[in-house]
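Side-chain atoms are counted along with the backbone in the values below, which use heavy atoms only and exclude waters and symmetry mates. If you read the sequence from its start, that first residue is 1, and numbering goes on from there.
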Amino acid sequence: MSSCVPARAESARTEHVHPPHSPPPGGRGHFRLAGADVSASIAVFLIALPLSLGIALATGAPLQAGLVAAAVGGIVVGWLGGCPLQVSGPAAGLTVVTADLIQQYGWRTTCAITVLAGIAQLGLGCLRVARSALAVSPAIVHGMLAGIGVTIAVAQLHIVLGGTPQSSVPDNLLALPAQLANLRPADVAASVLTLTLLFLWPRVPGKAGRLLGKLPAALIAVAGATAVAALAGLRLPKVDLPSWSSHALATLPDGPVLGLVAAVLTTTLVCSVQSLLGAVAVDKLVSARPGLTGRVKRSDLDRELLGQGAGNIVSGALGGLPIAGVAVRSTANVSAGAVSRNSTMLHGVLVLIATLLLVPALELIPLASLAALVMAVGLKMVSLNHIRTVTRHREVLVYAVTTGGVVFFGVLEGVALGIAVAVGVALHRLTRTRIKHDETDGVHHVHVRGQLTFLAVPRLSRVLHQVPQGADTVVELDGSFMDHAAYETLQDWQKTHTAQGGRVDITGRRPGTRISEPADTDGCRCRPWTPWRNHQCEPPQPTPPSGADGQGETGTDTEAVTGPPGRPSGQSVADGPDGSDGSDGRGKLTGTGVTGAPSGRGGPSTGELTRGISGRELARGISAFQRNTAPLVRGELARLAREGQQPSQLFLTCADSRVVTSMITSSGPGDLFVVRNVGNLVPLPGEESGDDSVAAAIEYAVDVLKVRSITVCGHSGCGAMQALLSAEPGGAQTPLKRWLRHGLPSLARLREDPESPSEDAQSWPLLAGRPPADAAERLCLANVVQQLEHLRAHDAVARALSAGDLELHGMYFHVGEAQAYLLSGDPVSAADGVFELVLETDLTA
């Protein structure tokens with residue numbers, strides 16, 4: 001069962017070809033189109049159609065180019081891309097880049113640049129460098145998108161007012177007063193109606209709002225404005241889709257070589273970064289949807305880059321706009337319930353059909369309505385949430401410079417400025433370290449804020465030598481990096497200071513982070529096994545009196561049991577191996593519910609200390625798992641996710657927090673099917689006030705998972721057994737008391753035998769040849785035997801035992817000794833059972 005041995009390599013059972021709790025997979029090779037994909041594709045199509053026309057209008061490209069890009073993005077990228085649910089097409093983030101290219105080189109050369117950018121993306125995908133694009137600071141990416149959004153909004157405002165946009169943001173701003181003086185009422189009316197519907201449609205209240213909300217607001221806004229303009233007979237510019245026979249295709253690029261290379265690099269950069277960041281965002285949306293994580297694979301970013309490259313090659317060759325992953329359509333796709341890439345591909349097919357069959361209807365759409373729609377999209381690209389995020393992380397300067405650079409100079413120039421500022425900010429933070437020294441109540445505090453590098457060593461040494469000899473000192477490191485020079489300086493000073501009679505406590509940003517700890521310090525007791533506790537250390541609480549009682553999981557007193565050889569007599573099972581108070585470094589006795597400062601010291605109450613700490617500890621623990629453990633077990637867990645669980649054992653034990661099943665049994669993921677409850681009890685089947693959850697777990701483990709053994713594990717200091725011994729008849733029937741009724745047969749077994757083990761020591765299960773230490777330990781051992789007897793009463797267990805397919809085992813874990821004992825002899829006879837010590841031998845030899 002060791003995690004070092006291949007899981008169940010010795011098993012002779014027939015392996016499951018599919019997870020045992022799932023239906024067999026369907027036959028391969030048959031194309032199946034899920035209903036959820038069909039409905040999602042329609043929703044995305046209704047959003048993509050007006051947006052594609054609007055983006056084409058904003059770039060100055062032929063309007064058909066937007067439809068071509070949408071169809072190619074759905075079909076080609078949807079088929080080849082590495083993010084199944086991301087929808088690609090003409091993106092608002094590419095509007096400024098494409099508009100500049102069209103103005104400089106013309107439309108046909110722009111198509112050629114798109115093809116070359118696609119080839120460049122294919123090359124990057126083959127080099128497998130997709131993840132390196134994620135190294136770009138989010139502040140730069142958000143700033144780039146915000147700058148593009150501002151550029152789009154300012155340009156489209158002129159069309160909304162009935163005019164024509166200029167070539168740059170400054171020119172558009174300068175021309176805005178003249179445009180306001182020459183408004184075209186029809187265009188303004190269509191734009192205002194579009195924006196009104198776009199804003200109000202998702203906010204319709206009540207049941208009608210939930211029903212109408214299924215239709216995308218973008219479609220309703222454009223359709224409503226089109227209908228009103230047609231019925232009112234408004235005369236204003238409308239969509240003009242020329243015949244496909246005159247559609248312009250790509251040609252050989254014509255222009256200065258350096259300019260064309262810069263154009264290709266810019267298009268490649270913007271398309272790639274936006275698509276890769278979009279794929280990561282889609283993964284987050286997928287993981288948040290229940291039941292979808294196992295059906296949709298995580299994005300393959302290199303494959304996504306290859307798919308985007310292929311899409312841009314096809315789109316450019318067919319006279320379409322550049323393609324990238326689109327956040328709005330991708331979010332709608334996931335939210336609409338898509339389950340595979342079929343929804344993305346079908347949406348592209350629908351766009352293609354609309355392009356061929358709905359031309360008369362599309363030509364009724366006012367250009368002002370499309371401009372208003374794209375202007376709203378551009379304004380949304382300036383996200384207040386992104387601004388709050390970069391402000392919180394002190395990167396607002398990078399964001400602002402990138403945004404301003406994109407607005408006034410261009411996308412490539414703005415990104416380059418953002419990268420330069422980001423590098424400067426990083427260097428500034430690396431070299432800026434603040435060190436100060438103060439004294440409070442006789443304790444000297446040295447505060448170090450920032451990264452501690454060799455550049456700060458002179459200042460650090462000067463401040464440290466201001467601390468008087470023999471003084472109690474706390475050095476607080478508020479930073480995430482310390483180089484070797486700083487480390488040696490700090491360590492040498494610490495050794496010298498402690499040798500002169502002083503005391504030093506070096507703490508980090510995270511509680512428990514320290515360089516070293518003198519033997520006489522009363523600080524955090526971080527021992528080699530502290531990764532189990534994730535170094536969740538706080539200043540220790542005073543040692544309780546030697547007679548202090550702990551509490552088990554039921555709230556009853558924890559017994560004091562004689563420890564292993566070498567432990568001082570009278571030491572509690574809660575004591576640590578070095579005779580310490582058993583504190584886990586958080587002011588909390590192991591196995592107790594006691595937390596907080598002692599009364600009379602002016603410290604905070606238990607509730608004040610506990611409140612808020614547990615949430616941070618949980619987050620730190622999860623973070624440590626994701627950083628350290630997840631990379632090591634991800635492959636095995638992925639295999640188990642594909643094949644389903646096939647554990648070899650059902651392990652039934654107590655809910656006590658000190659019993660860590662995976663650590664005690666050296667087992668890994670998929671090895672044990674674990675059932676935990678207060679007192680490791682197995683209710684008899686059919687008993688009044690019985691418990692179906694335990695019985696269901698037993699039936700599932702034996703009949704479905706086909707486990708080969710069941711182990712019932714008890715432990716020392718069990719609060720449930722203490723509660724049974726000290727329980728008084730009568731009183732209110734709390735849930736705990738009702739549950740502990742299932743342990744009464746164990747108590748009856750205990751009381752049927754002599755009161756003292758000395759009268760007939762062989763009447764009790766022995767613990768490695770010795771009788772139990774006291775009544776509590778006798779009951780813990782008898783309870784294991786009794787629950788094994790209850791197991792036999794379950795039909796599934798009885799059938800498997802009679803067929804020879806199942807074994808029952810009893811186990812006892814002594815918490816204070818960190819020692820496990822296995823029950824030998826007849827597991828149903830208390831007189832013959834002996835809990836044998838499991839020796840430290842090589843069981844695989």
- Can you tell if the side chain of Pro256 reaches within under 4.5 Å of the side chain of Tyr105, non-hydrogen atoms only? yes
- Quick check: are there more than 12 heavy atoms from other residues, nucleotides or ligands sitting under 6.0 Å from CG of Leu258? no
- Message: For a quick test of reading the model, state the closest non-hydrogen atom pair linking Val326 to Ser330 and the distance between them.
- Response: O-OG, 2.7 Å
- Task: Search all heavy atoms of Ser52 against all heavy atoms of Pro90 and return the closest pair with its distance.
- Result: OG-CG, 3.7 Å
- Query: Roughly how far apart are Leu384 CG and His386 NE2, rounded to 0.5 Å?
  - Reply: 10.5 Å
- State the CD1-CG distance between Ile313 and Leu318, to the nearest 0.5 angstrom. 11.5 Å
- Message: Tell me whether Thr251 contacts the main-chain N or O of Thr109 through its side chain, where contact means a donor paired with an acceptor under 3.5 Å.
- Response: no
- Note on the structure: What one should report as the nearest heavy-atom pair of Gly66 and Ala56 is N-CB, 3.9 Å
- Task: Mind running side-chain contact (heavy atoms from CB on, under 4.5 Å) on Val349 and Met345 for me, showing each step along the way?
- Result: CA-CA 6 Å; Val349 173; Met345 297 169 63; 5.7 Å; no
- Message: Test side-chain hydrogen bond (donor to acceptor under 3.5 Å, both in side chains) on Ser275 and Glu304; report intermediate values, then the result.
- Response: CA-CA 8 Å; Ser275 299; Glu304 179 65 17; 5.2 Å; no
- Message: Please report the interatomic distance OH(Tyr399) to CD1(Ile140), rounded to the nearest 0.5 Å.
- Response: 13.0 Å
- Within a strict 4.5 Å, meaning less than it, do heavy atoms of the Thr267 and Val97 side chains meet? yes
- Item | Heavy-atom donor-acceptor pair, Arg329 side chain to Val44 backbone, under 3.5 Å | no
- Message: Please determine whether side-chain contact (heavy atoms from CB on, under 4.5 Å) holds for the pair Val239 and Leu367, giving the CA-CA distance in whole Å, both sets of side-chain angles, and the decisive distance to 0.1 Å.
- Response: CA-CA 6 Å; Val239 169; Leu367 293 182; 4.1 Å; yes
- Task: Would you sort out whether Leu49 and Leu362 count as a side-chain contact (heavy atoms from CB on, under 4.5 Å), showing the intermediate values?
- Result: CA-CA 9 Å; Leu49 195 63; Leu362 297 177; 3.9 Å; yes
- Message: For a quick test of reading the model, state the closest non-hydrogen atom pair linking Ala139 to Val398 and the distance between them.
- Response: CB-CG1, 4.0 Å
- Item | Partner of Leu346 by side chain to side chain contact (heavy atoms under 4.5 Å, CB included), out of Val38, Asp37, Ile42 | Val38
- Message: So Thr268 and Leu124, do their side chains get closer than 4.5 Å, heavy atoms only?
- Response: yes
- Could you check Leu265 against Leu269 for side-chain contact (heavy atoms from CB on, under 4.5 Å), going step by step and ending with a plain yes or no? CA-CA 6 Å; Leu265 292 178; Leu269 172 68; over 6 Å; no
- Query: Around Arg298, counting heavy atoms of other residues, nucleotides and ligands shown, do more than 12 lie under 6.0 Å from its CZ?
  - Reply: no
- Note on the structure: CG (Asp100) and OG1 (Thr59) are apart, to the nearest 0.5 Å, by 11.0 Å
- Query: With a 4.5 Å heavy-atom cut-off, do Leu80 and Leu306 have their side chains touching?
  - Reply: no
- Item | Considering all heavy atoms, the nearest Ala338-Ser343 contact | CB-OG, 3.3 Å
- Query: Looking at side-chain heavy atoms only, is the closest gap between Val351 and His347 below 4.5 Å?
  - Reply: yes
- Query: Are Ser299 and Gln86 close enough that some pair of their side-chain heavy atoms sits under 4.5 Å apart?
  - Reply: no
- Task: Taking Asn312 for its side chain and Thr114 for its backbone only, find out whether a donor-acceptor pair lies under 3.5 Å.
- Result: no
- Message: Working to the nearest 0.5 angstrom, can you tell me the gap between Ile55 CD1 and Ile152 CD1?
- Response: 7.5 Å
- Task: Give a yes or no answer on whether the side chain of Trp201 reaches the backbone of Leu215 with a donor-acceptor pair at less than 3.5 Å.
- Result: yes
- Result of checking Leu373, Val374, Leu370 against Leu53 for side chain to side chain contact (heavy atoms under 4.5 Å, CB included): Leu370
- Note on the structure: Sorted by chain and number, sequence neighbours left out, side-chain hydrogen bond (donor to acceptor under 3.5 Å, both in side chains) with Thr402 holds for none
- Are any of the side-chain heavy atoms of Leu321 and Leu94 separated by less than 4.5 Å? no
- From Ser41 OG over to Leu46 CG, what is the distance, rounded to the nearest 0.5 angstrom? 9.5 Å
- Are the side chains of Cys271 and Gln308 in touch, meaning some heavy atoms are under 4.5 Å apart? no
- Item | Ser369 to Thr194 - nearest heavy-atom pair and separation | OG-OG1, 2.8 Å
